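A short write-up of the structure that comes next.
Both counts, for ligands and for their atoms, begin at 1 and track the order of listing. All values reported here derive from a predicted model rather than from experimental measurement.
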Amino acid sequence: MATTKVDPKLNDTNIAKMAKTYDGLTTQQLIDAYRVMFTSRRVDDREILLKRQQKVFFQISGAGHEALGAAAALALKPAYDWFYPYYRDRALCLALGATPLEMLLGAVGAADDPSSGGRQMPSHWAFKRLNVVTQSSATGTQILQAVGCAEAGRYFARHRNSTQKAAGDYRQFKDVQFQDDEITYVSLGDGTTSEGEFWEALNTASNRRLPVIFCVQDNQYAISVPVEVQTSGGNISRLVSGFPNFHFEEIDGTDPVVAYAAFRRSADYCRAGHGPAFVHAHVIRPYSHSLSDDERLYRPDSERQADAARDPVPRLQMFLLREGILDEKAINEIEREIEEQIQADADRALDAALPQPETIYHYVYSPDLDPTSAAFDTHPAPAVPEAAADAKPAAASPSKSSPNKASPNKTMADLINATLRDEMRRDERIVIFGEDVADASREEYLKQKVIKGKGGVFKLTSGLQIEFGADRVFNSPLAEANIIGRATGMATRGLKPVVEIQFFDYIWPAMMQLRDELPIIRWRSNNAFSAPVVVRVAIGGYLTGGAIYHSQCGESIFTHTPGLRVVFPSNALDAAGLLRTAIRCDDPVLFLEHKRLYRETYGRAPYPGPDYMIPFGKAKVVQPGTDLTVITYGAVVPRALQAAQKLEREHRVSVELLDLRTLNPFDWDAIAASVKKTNRALIAYEDSLSWGYGAEIAARIADQLFHHLDAPVKRVAATDTFVAYQPILENAILPQSSDLFRAMKELAEF
Ligand SMILES: Cc1ncc(C[n+]2csc(CCOP(=O)(O)OP(=O)(O)O)c2C)c(N)n1
Ligand SMILES: [Mg+2]
C-alpha cells in the first residue's frame, strides 16, 4: 500500500486542508496516489529509454492505466487479498508495495528479478510477499485461475483443519494463508474479454457468488483492433449485465477519485459475501501497445489528442493544484525525488547479477519433493481395507468385460476409486471436480435416497460426494478450460485438486491452461508459485465403436511439455500406486487412464492398502527375456504380452517386455539395460505412428545404444489416421496382437 506519512514538503495552508476528503479519499491518499502514478509513468519512461539503448529487451507500459491501479490498491490489501494483475498494472503493483528497483530488475532480466529471475518479459508481475500471483503473456488465462484462487480461499475458511501442514507429501511445502473476507482481484484488457475463458470465469464466479473483482481496463484497443470489433455494440458492460449476483461499475478509469469509490463499493460487496464485482474502467493508452507497436499506423492524431486530454497523471496533478492540496513547488519536489530514485534504481539494476545459464533446469519440477525417489516406493499392504471393500462394482462402460464381484481382485476402476477415497480421507485439501464426477448435484435426491448417484461417466468417482460432501466433490460446467484454470488457481493456494477430463478427445479446450500455465507456473516464477494439480483423463481406444472422438491418444503432446508429469498405467495395481504418488507429489500430473483397461480382466489386483505408492520413472519388467526388448505402456501391454507368449510358444523367441508406466519421466536405465542384453528393440504404442511417443525412445536408443544394436529399432503403432467407428476399420487402425507378433518375429529374425 502507498505510504501514509504526511509529506514534509506540505505548507501550512495545505496541511489545514488535509481534513477534507474526496469520495472517501483523504488528501494524503491523493498525494500518495500521485506519487504512485508518477512513479509508474517514470519507470515506463526509463524502461523505454533503456530499450532504445538496447539495455533491456522488451517494454510494455502501464501508461494511461495508472489511476485505476492506484485506486484499486487503496480499496484492497496486499498480503491479504489476492491479485491476478495483467501487464498494464504497474501502478497497482507499486501501490501494493512492489518497488521500481524490483521492476527494473525484471526489465534487465536480473537473477534477483522477484517476478521470474529473468525468465519472463518485464511487466509479468509476481510478488509472492504481496499475494501477487505469477501471470503469463497469454491474454485471459489469469481469469479462471483467479476464480479458483477465490474458491480456495472460501474452501480454507470452511475447512480450517485442511490448512495444517503435514509431513510426507506436498503439504509440507505449501503454506496456506487465507482471510474470511478476502477478495481476489483480476484484471484484463477490453480485447481479452473476447476470450472464451473470460465468459467461463464470469459464469462460475456469478454462479458460486465468489468474491472476485473483475477489472476490465478498456483502452479501446487490443493492439490495433478497436473495441467495436471485439465486443458486439462496443460496450462490455452491456453484454455482461445479465450475470446474476454481480455488482457492476462502469467508470472513468482515469480519475482516481471515481475509481476509488467504485473499488470501495465493489470491495464492500465482495467482502460482505454477496458475490463478485465487475469494474469496467475507461482508460487511455498513450504509448502505443508496446515498444514494438506504432499506433500512428492505425490511430489518427485527432483520436490520440483526445486521449491525451484525459491522461490521468497530468490530470491528477492539475487536481491537486486546483484543490490546493499541493502547490507547484511541492509537486516539483515529489517529482524530483522520484526521478532521482528511479535513476539510482536503474543504475543498480544495470549492475545487477544476471542469471547463470546452468540454472535453466532449476524449478522445472519441485526441488523439495522428488516423485522418483525411494520415499514413493512402498509395498502393497496385504489386508483389504474398508475403502477397497466400499469400492463400487463396475457399471456400464465401453469395456466389454464384466466384473467378478466375488474375486478379491479388483478392476482398475475399483482401485482408482478406492485410492481416491483413501487419499481424500487422509488429506482434506483434496477436491475433486469435473464433468459428471459428482454423485448428484441436486443433493436433496441423494438425501431422500430416491437416487443412487452417478459419480462419473465411467463411475470412477462414484460415492465420493456421498462420503465427502459437495464442497469436496462437485460437478463443473461443461468447459474444460474452466476445470483446469480453476484447478490451477486452487493449487496455487495450496489445495490439491484432482480433476477429471471426461475424454482425452475433449482435452483441447483446456490446452492453453495445460500448455502455457499449469506446468510452467513454478519455472516462470522462479519457484515462487506452483500448481501441483492432478488431471485424470480417460484415454484410448479398442472400444469397438469408440470412433474418432472417444478413442484418441496423444500423450506425446504432453510429454513434450516441460514441467508436466505424464503417467499411463496398464493395470489396476499400478494405477493405485501411481495415482497415490501423483496426489502426494508436488508437481502437476497428467494421469492417463485407459478406458479399455478400466474393467479389463487383465491386470486386476486386490487393493494394495492406503499407503501403496510406486515412484515415477520406474518401468516394470512384465516378462523377462533375452532375444528382444519390447517397450510399451497402457493398453498395448496386454496385447504385447499375448504376442510375446505366442512367439515364445511357436518360435522359442524370448521377449523382454517393459511397461514404462510413467512417460515423463521415463525409465531410460531400464530400457538401456534391456537393450544392452537383447540387442534388439521394438517400441509399441497405441497412438498414431508418426511423431509419436516412440520416436523419442527410438532416437535415444539410436543415439546412445547404437553399438549394442543387432537390428534397426522398430515401431508398431496406430496408422496415421484417427480411429474409425466400424470395428473392421478400428481393428485395422489400432495396433493388434497380431501386428505386434509379426513385428517381433521380424525383428527376432533380422
Ligand atoms: C492468447 C493470446 N493471443 C494473442 C496475444 C498477443 N497479444 C498480446 S496483447 C494483445 C492485445 C490485448 O488487448 P487488450 O486485452 O485490450 O489489452 P491492452 O493491451 O489493450 O491493455 C494481443 C493480441 C496474446 N498475448 N495472447
Ligand atoms: Mg485494450
Carboxylate-amine/guanidinium proximity below 4.0 Å for [X] and [Y]:
X	Y	result
Arg265	Asp23	no
Glu517	Arg524	yes
Arg304	Asp301	yes
Arg315	Asp252	yes

May I ask you to check if any N/O/S atom from [X] comes under 2.8 Å of the Mg ion (ligand 2)?
X	result
Gln220	no
Thr192	no
Asp190	yes

Problem set entry | Trace of the side chain to side chain contact (heavy atoms under 4.5 Å, CB included) decision for Ile507 with Leu590 | CA-CA 11 Å; Ile507 202 167; Leu590 189 70; 4.2 Å; yes
Give the atoms of ligand 1, by number and element, whose distance to some non-hydrogen atom of [X] is under 4.0 Å.
X	answer
Met512	1 (C)
Tyr221	16 (O), 20 (O)
Asn219	18 (P), 20 (O), 21 (O)
Glu195	1 (C)
Gly189	14 (P), 15 (O), 16 (O), 17 (O)
Ala138	26 (N)
Ser137	24 (C), 25 (N), 26 (N)

A quick test of your reading: do over 12 heavy atoms of other residues, nucleotides or ligands sit less than 6.0 Å from [atom1] of [X]?
X	atom1	value
Arg129	CZ	yes
Asn235	CG	yes
Phe529	CZ	yes

Exercise. So is Asp190 close enough to ligand 1, meaning a heavy atom under 4.0 angstrom away?
Worked result: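 Asp190: in contact with ligand 1 (<4.0 Å).
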Give the residue, atom name and distance (to 0.1 Å) of the protein heavy atom nearest [atom].
atom	value
atom 15 (O) of ligand 1	Thr192 OG1, 2.7 Å
atom 16 (O) of ligand 1	Gly191 N, 2.8 Å
atom 12 (C) of ligand 1	Tyr87 OH, 3.3 Å
atom 23 (C) of ligand 1	Ile223 CD1, 3.8 Å

Relative to ligand 1, is [X] under 4.0 angstrom through side chain, backbone, both or neither, heavy atoms considered?
X	value
Gln217	neither
Thr139	both
Tyr86	side chain
His289	side chain

Problem set entry | Aromatic plane relationship, Phe558 with Trp508 - under 30° parallel, 30 to 60° tilted, over 60° perpendicular |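 Because their plane-to-plane angle is under 30°, the rings of Trp508 and Phe558 count as parallel.
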For this session: Apply the side chain to side chain donor-acceptor pair (under 3.5 Å) test between Gln59 and each candidate in Lys51, Arg46, Arg52, Glu47; give the one that qualifies.
Result: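 Result for side chain to side chain donor-acceptor pair (under 3.5 Å) with Gln59: Glu47.
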Exercise. Taking the six-membered ring where the residue is Trp, are the ring centres of Phe214 and Phe246 under 6.0 Å apart?
Worked result: yes
Seminar exercise, completed: At the Mg ion (ligand 2), O of Tyr221 and OD1 of Asn219 open up to roughly (10° bins) 80°
Exercise. Can you tell me if Asn526 uses its side chain to pair, donor with acceptor, with the backbone of Arg119 under 3.5 Å?
Worked result: no
